[in-house]
Amino acid sequence: MIPKYSASETESKWQRKWAADGIYHVREDESRPKWYELTMFPYTSGDLHIGHWYAMAPADAHARFKRMQGYNVLHPMGFDAFGLPAENAAISRGIHPYTWTMQNIANMRRQLERMGGCYDWNREIITCLPEYYRWTQWLFLKFYHAGLAYRDKAPVNWCPNCQTVLANEQVISEGRCERCNATVTRRAIEQWFLRITRYAEELLDSSRIEWPERINVMQRNWIGRSEGVEISFELDHPGVETKELRVFTTRPDTIFGVTFAVLAPEHPLVERLTTPDHRAEVEEYVASTQHRTEIDRLSTETEKTGVFTGAYVTNRVNGERVPLWIADYVLPSYGTGAVMAVPAHDSRDFDFARKYDLPIKVVIAPPGWQGEELQEAYVDPGTMVNSAQFDGMPSKEAWHAIADFIESNDYGTRTVSYRLRDWLISRQRYWGAPIPIVYCDQCGTVPVPEKDLPVLLPPDAEFRPTGESPLKYCDAFVNTSCPRCHGPGRRETDTMDTFICSSWYFLRYASPHYDQGPFDPQKVKYWLPVDQYTGGAEHAVMHLLYARFFVKAMRDLGLIDFDEPFTRLFNQGVIIAQRQKMSKSRGNVINPDEYVAEMGADVVRAYLMFIGPWDQGGEWDDSGIHGVKRWFNRVWHLVLQGQEINWPKQADSQEVDKELRHMTHRTIKKVTGDLERFHFNTMLAALMEFTNYLSNVASEKSASASAWREAVEALLLLLAPTAPHMSEELWSRIGNTYSIHQQPFPAWDETLAAEERITLVVQVNGKVRDKVAVPASITEAEAKEVALSQTKVKSYLEGREVLKLIYVPQKLVNVVAR
RNA sequence: GCCGAAGUGGCGGAAUAGGUAGACGCGACAGUCUCAAAAACUGUUGGGGGGCGACUCCCGUGUCGGUUCGAUCCCGACCUUCGGCACCA
């Protein structure tokens with residue numbers, strides 16, 4: 001009688017033993033190749049839902065596979081623990097964010113242990129603990145000293161009623177404060193930035209990383225490199241000393257078509273250039289744009305608006321005097337905050353010119369253009385017209401000719417602009433790493449000395465639900481002495497964006513308890529860079545870009561000696577529920593715990609890998625999970641049943657063993673290839689097929705004992721990365737030595753894996769008409785002969801002339817006939 | 001609007017290199033077991049037509065074209081869905 005499989009008993013038994021034996025404990029080992037396989041660590045927002053498992057279980061299987069292949073695998077786990085949700089929970093539940101976060105971590109760790117991950121828990125890191133954020137602060141200081149961190153004024157959402165800064169998500173429709181419904185304005189306040197733009201050019205280069213191309217494309221688009229020319233327009237305004245207005249354009253070929261110029265409302269020249277008769281209108285407009293949020297203002301849906309300043313600038317290339325407007329479609333933070341408007345060849349300028357009745361001057365003739373009025377901006381290449389000496393030139397050539405002309409006359413210079421902005425890292429929040437800066441009336445901005453780190457987050461700060469930095473009201477924190485002059489000083493009360501914590505955590509795993517620096521350089525040298533990173537694509541232009549920036553900056557600081565954090569990247573898809581992404585706020589989270597309790601972690605792991613290609617994700621639907629459960633029961637039954645069969649020493653016939661060994665080695669080959677490329681669904685399909693085949697072998701009972709043994713051991717070893725518990729249990733029940741997870745992954749014999757007989761497909765004019773089993777060694781001439789001799793084929797060829805035969809080795813013969 | 005990915009049975013999906021479309025699983029149907037049900041096991045299962053039958057023919061991978069001996073795969077146009085960006089001059 002074969003005992004029933006008890007998943008819950010077996011799983012907890014092995015989990016305890018693995019933990020007690022420390023089989024997943026990782027050490028540096030120069031004798032083996034290292035493999036650093038990292039899954040993006042989870043945010044500590046509560047329970048792990050099925051989406052987390054979808055990210056972690058297949059990644060764990062892949063890491064286990066690499067272990068079995070002989071790599072020294074670092075596959076660590078930790079928690080991204082600072083941030084807004086914890087603080088919001090603290091406010092709404094009256095519980096401290098630390099308590100709430102640590103409770104969540106305890107629960108998530110328990111869930112991950114139940115998943116059966118091969119994590120080395122000795123290396124766990126938690127970003128909100130001082131032993132971690134001490135080094136986040138240390139890195140900030142390194143950046144500060146290198147000129148990569150600076151303070152500047154930046155516009156933020158400001159609620160005049162609450163007297164506080166609001167995050168973008170706190171601004172509700174029509175630009176109102178979510179709390180008091182007052183109209184939010186934009187206000188410039190001092191904020192800390194990291195100079196990521198210094199690395200814009202290097203970040204564009206994806207040649208050293210093997211990442212999905214769509215992620216590279218998203219990063220390139222985000223960085224948004226544009227080649228153009230910064231051009232000076234002549235300015236002669238009474239009482240204004242500045243004699244030029246600089247604009248940036250990517251279309252110098254259109255410069256003869258400029259009919260007006262536009263400043264961003266925030267441009268510093270606006271106030272000085274506005275003439276008295278336009279002042280009232282301009283001031284009103286500037287004020288109205290401040291009422292609009294960035295999001296609202298940037299929307300292409302809203303109609304363009306603007307006002308005339310009363311001032312004029314002169315286009316140096318043709319001496320034309322054009323009016324100067326202000327409009328909020330011009331952004332202060334891109335280029336020079338001013339544009340030359342060419343309505344004929346730019347759709348935004350075109351719309352604006354139409355609305356305010358400004359002239360539209362064609363300087364690039366569309367094909368077949370007869371001088372008629374344009375119905376829309378013509379933005380494509382064409383022939384130059386109305387452009388003096390450049391007339392008749394193709395516009396693409398004129399681009400360079402005019403750029404040269406501008407440069408040689410000192411009207412401007414070629415430049416490159418990026419869409420990427422510096423990274424604003426200040427958060428008016430409590431639950432984050434304090435920025436280690438002290439303000440002193442005598443010495444100004446003073447960095448906290450390294451030896452005084454960490455700047456501890458005071459546990460007893462009172463948070464007010466205002467959105468304003470709570471640390472501001474914590475006197476014990478704010479009041480300090482200046483590290484330089486020892487006079488009274490005030491601490492910076494903003495905290496760092498949590499994306500800073502996750503920009504270097506992968507380095508900390510190499511030496512998580514090191515206390516002489518953020519990491520032990522020797523350990524980092526051994527483990528880094530990450531060989532395989534896995535996680536969601538939603539981090540394409542945030543975390544993944546920031547981490548690349550950090551590594552490049554740290555390299556230039558001499559801290560590390562590699563260029564990219566993550567050599568390979570794989571993005572798993574998203575599991576959705578009720579057509580929406582799973583999240584607590586949507587109330588559609590699926591908790592894996594009940595599935596684990598009912599069917600076991602192995603089944604849940606395998607099911608998540610089986611539902612489809614890992615990079616596709618999909619709607620959560622548990623209707624197929626019983627299929628996996630059934631398969632596991634069949635494997636269990638099959639392996640134990642096989643133990644009770646008295647297998648013959650010699651197979652009944654050589655053919656039986658030959659086929660069994662062929663199927664075994666073919667499966668090993670297929671599974672190895674699929675695991676390598678994260679094709680978990682087809683890997684499991686192959687293992688199911690193998691199981692079905694072995695069931696037949698077990699009922700025939702005619703294979704030899706050794707061939708059966710080989711097949712069953714292969715099945716368990718191939719299954720071990722996916723189902724670590726059941727495979728371990730069966731491994732021990734068939735009398736093998738502990739642990740299956742310390743066994744080498746099976747290797748296949750190419751001769752045995754190769755097909756001996758193939759199905760030769762015979763087509764007539766491309767349609768399948770017959771299939772013939774032939775030896776794989778068949779020659780081209782033989783195959784053609786076999787094809788033509790089939791009676792079915794002959795009947796199709798009756799009365800036709802055979803024109804030619806197409807032969808695809810090992811596959812088919814196509815008879816082309818007329 | 002721009003950039004990117006994807007459309008295959010009732011469902012999730014397979015087809016690694018332009019060469020057997022629908023592997024594997026779910027569901028459904030029929031059967032075995034059972035007093036019965038569940039579970040388990042066995043068989044059938046893309047659509048349509050013909051044959052008592054072993055079988056056989058036609059259609060079929062979002063739509064319409066094209067290239068090719070041959071297209072789920074390559075090319076062009078279009079439709080739909082999803083993801084990203086969204087006045088970046």
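A, B, ... follow the sequence lines: proteins, then strands. Residue 1 opens every chain.
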- Item | Nearest to side-chain heavy atoms of Val217(A), which nucleotide of rA89(B), rC3(B), rU20(B) | rC3(B)

- On RNA chain B, more 5' by nearest nucleotide between Lys792(A) and Lys771(A) is Lys771(A)

- Could you walk me through whether Tyr411(A) and Arg316(A) pass side chain to side chain donor-acceptor pair (under 3.5 Å), step by step? CA-CA 7 Å; Tyr411(A) 297 161; Arg316(A) 297 183 199 262; over 6 Å; no

- Message: Please give the distance between the P atoms of rU34(B) and rU44(B) as a whole number of Å.
- Response: 24 Å

- Say whether, by atom type as modelled, one donor and one acceptor occur between the side chain of His62(A) and the main chain of Phe678(A) under 3.5 angstrom. no

- When rounded to whole Å, the CG to P distance for the pair Asp770(A) and rC55(B) reads 13 Å

- Task: Determine the Euclidean distance between corresponding C1' atoms of rG62(B) and rA71(B); express it in Å to zero decimal places.
- Result: 16 Å

- Whole angstrom is fine here: how far is it from CG in Leu812(A) over to P in rU68(B)? 19 Å

- Message: From the set rA21(B), rA89(B), rG13(B), return the single nucleotide nearest to any side-chain atom of Val768(A).
- Response: rA21(B)

- Give a yes or no on whether a donor-acceptor pair under 3.5 Å exists between the nucleobase atoms of rG19(B), that is its base, and the side chain of Gln763(A). yes

- Under 3.5 Å on both distances, the Watson-Crick or G-U partner of rG31(B): rC41(B)

- Would you classify Ser347(A) as touching base, sugar-phosphate or nothing, given that sugar-phosphate means primed atoms plus P, OP1 and OP2, and contacts are heavy atoms under 4.0 Å? nothing

- Message: Roughly how many Å apart are rA77(B) and rG83(B), using the C1' atom of each and rounding to a whole number?
- Response: 24 Å

- Message: Applying a 4.0 Å non-hydrogen cut-off, can you work out what Arg634(A) is touching in the nucleic acid: base, sugar-phosphate, or nothing?
- Response: sugar-phosphate

- Message: In whole Å, measure the gap between the C1' atoms of rA14(B) and rC52(B) for me.
- Response: 37 Å

- Over how many whole Å does the gap from Met683(A) atom CE to rG13(B) atom P extend? 17 Å

- Task: Walk me through it: do Arg634(A) and Asn692(A) pass the test side chain to side chain donor-acceptor pair (under 3.5 Å)?
- Result: CA-CA 9 Å; Arg634(A) 287 209 307 280; Asn692(A) 294 343; 3.3 Å; yes

- Task: Look at the side chain of Asn681(A) and the backbone N and O of Phe610(A), then say whether any donor-acceptor pair between them is shorter than 3.5 Å.
- Result: no

- Item | Base-pairing mate for rG4(B) - Watson-Crick or G-U, with both contacts under 3.5 Å | rC82(B)

- Message: Looking at rA15(B), which nucleotide sits across from it as a Watson-Crick or G-U wobble partner, both distances under 3.5 angstrom, or is there none?
- Response: none

- Query: Is Ile611(A) touching bases, backbone alone, or none of the nucleic acid, heavy atoms closer than 4.0 Å?
  - Reply: sugar-phosphate

- Message: What's Asn692(A) touching, base or sugar-phosphate or nothing? Going by heavy atoms closer than 4.0 Å.
- Response: sugar-phosphate

- Item | Proximity to the side chain of Leu331(A) - top-ranked nucleotide from rU20(B), rA89(B), rU56(B) | rA89(B)

- Are Glu244(A) and Arg246(A) ion-paired here, with the side-chain N under 4.0 Å from a carboxylate O? yes

- Taking the six-membered ring for Trp, is the centroid-to-centroid distance between Trp423(A) and Tyr546(A) below 6.0 Å? yes

- Item | Nucleotide of rG19(B), rA14(B), rG12(B) approaching Asn681(A) most closely (side-chain heavy atoms) | rA14(B)

- Message: As a test of reading the structure: which of rA89(B), rC58(B), rG84(B) is closest to the side chain of Met218(A), going by heavy atoms?
- Response: rG84(B)

- Write down the distance between CD (Glu619(A)) and C1' (rC82(B)), rounded to a whole number of angstrom. 13 Å

- Message: Applying a 4.0 Å non-hydrogen cut-off, can you work out what Arg769(A) is touching in the nucleic acid: base, sugar-phosphate, or nothing?
- Response: sugar-phosphate

- Is the glycosidic torsion of rG9(B) within 90° of 0, making it syn, or is it anti? syn

- Query: Using the C1' atom in both, what is the distance from rA89(B) to rU8(B), to the nearest Å?
  - Reply: 45 Å

- Note on the structure: Checking rA86(B), rC26(B), rG25(B) against the side chain of Arg630(A) (C-beta onward), the nearest is rC26(B)

- To the nearest Å, give me how far apart CZ (Phe690(A)) and P (rC24(B)) are. 15 Å

- Message: In terms of relative ring orientation, are Trp620(A) and Tyr595(A) parallel, tilted or perpendicular, with 30° and 60° separating the classes?
- Response: perpendicular

- Rounded off to whole Å, could you give me the CD1-to-C1' distance for the Ile625(A) and rC11(B) pair? 16 Å

- Integer-rounded Å distance: rA39(B) P and Met599(A) CE: 13 Å

- Message: From the set rU20(B), rC3(B), rC69(B), return the single nucleotide nearest to any side-chain atom of Asn221(A).
- Response: rC3(B)

- Task: Give none if rU72(B) has no partner; otherwise give the nucleotide forming a Watson-Crick or G-U wobble pair with it, both distances under 3.5 Å.
- Result: none

- Query: Within this structure, what is the CG-to-C1' distance between Asn633(A) and rG25(B), rounded to whole angstrom?
  - Reply: 15 Å

- Item | Complementary nucleotide for rG9(B) - Watson-Crick or wobble, under 3.5 Å | none

- Message: Under 4.0 Å between a side-chain nitrogen and a carboxylate oxygen: does that hold for Lys784(A) and Glu780(A)?
- Response: yes

- For rU56(B) versus rU61(B), give the span between their C1' atoms, rounded off to a whole number of Å. 24 Å

- Item | Nearest-neighbour nucleotide for the Arg214(A) side chain, rG25(B), rG4(B), rA14(B) considered | rG4(B)

- Item | OP1 or OP2 of rC26(B) under 4.0 Å from side-chain N/O of Lys629(A) | no

- Taking atom P in both rC73(B) and rA21(B), what distance in whole Å separates the two? 14 Å

- Which class fits the ring pair Trp325(A) and Phe308(A): parallel under 30°, tilted 30 to 60°, perpendicular over 60°? tilted

- Would you say Tyr796(A) reaches rC57(B)'s phosphate, i.e. side-chain N/O to OP1/OP2 under 4.0 Å? yes

- Where the side chain of Thr682(A) is defined as all heavy atoms beyond and including C-beta, which of rA86(B), rG25(B), rA15(B) is the nearest nucleotide? rA15(B)

- Query: So, is Arg818(A) near the phosphate of rC69(B), with a side-chain N or O under 4.0 Å from OP1 or OP2?
  - Reply: no

- Task: For Pro613(A) and for Leu684(A), find the nucleotide of RNA chain B with the closest heavy atom, then tell me which residue's nucleotide is more 5'.
- Result: Pro613(A)

- Picking from rA86(B), rG25(B), rA14(B), the nucleotide nearest the side-chain atoms of Trp222(A) would be rA86(B)

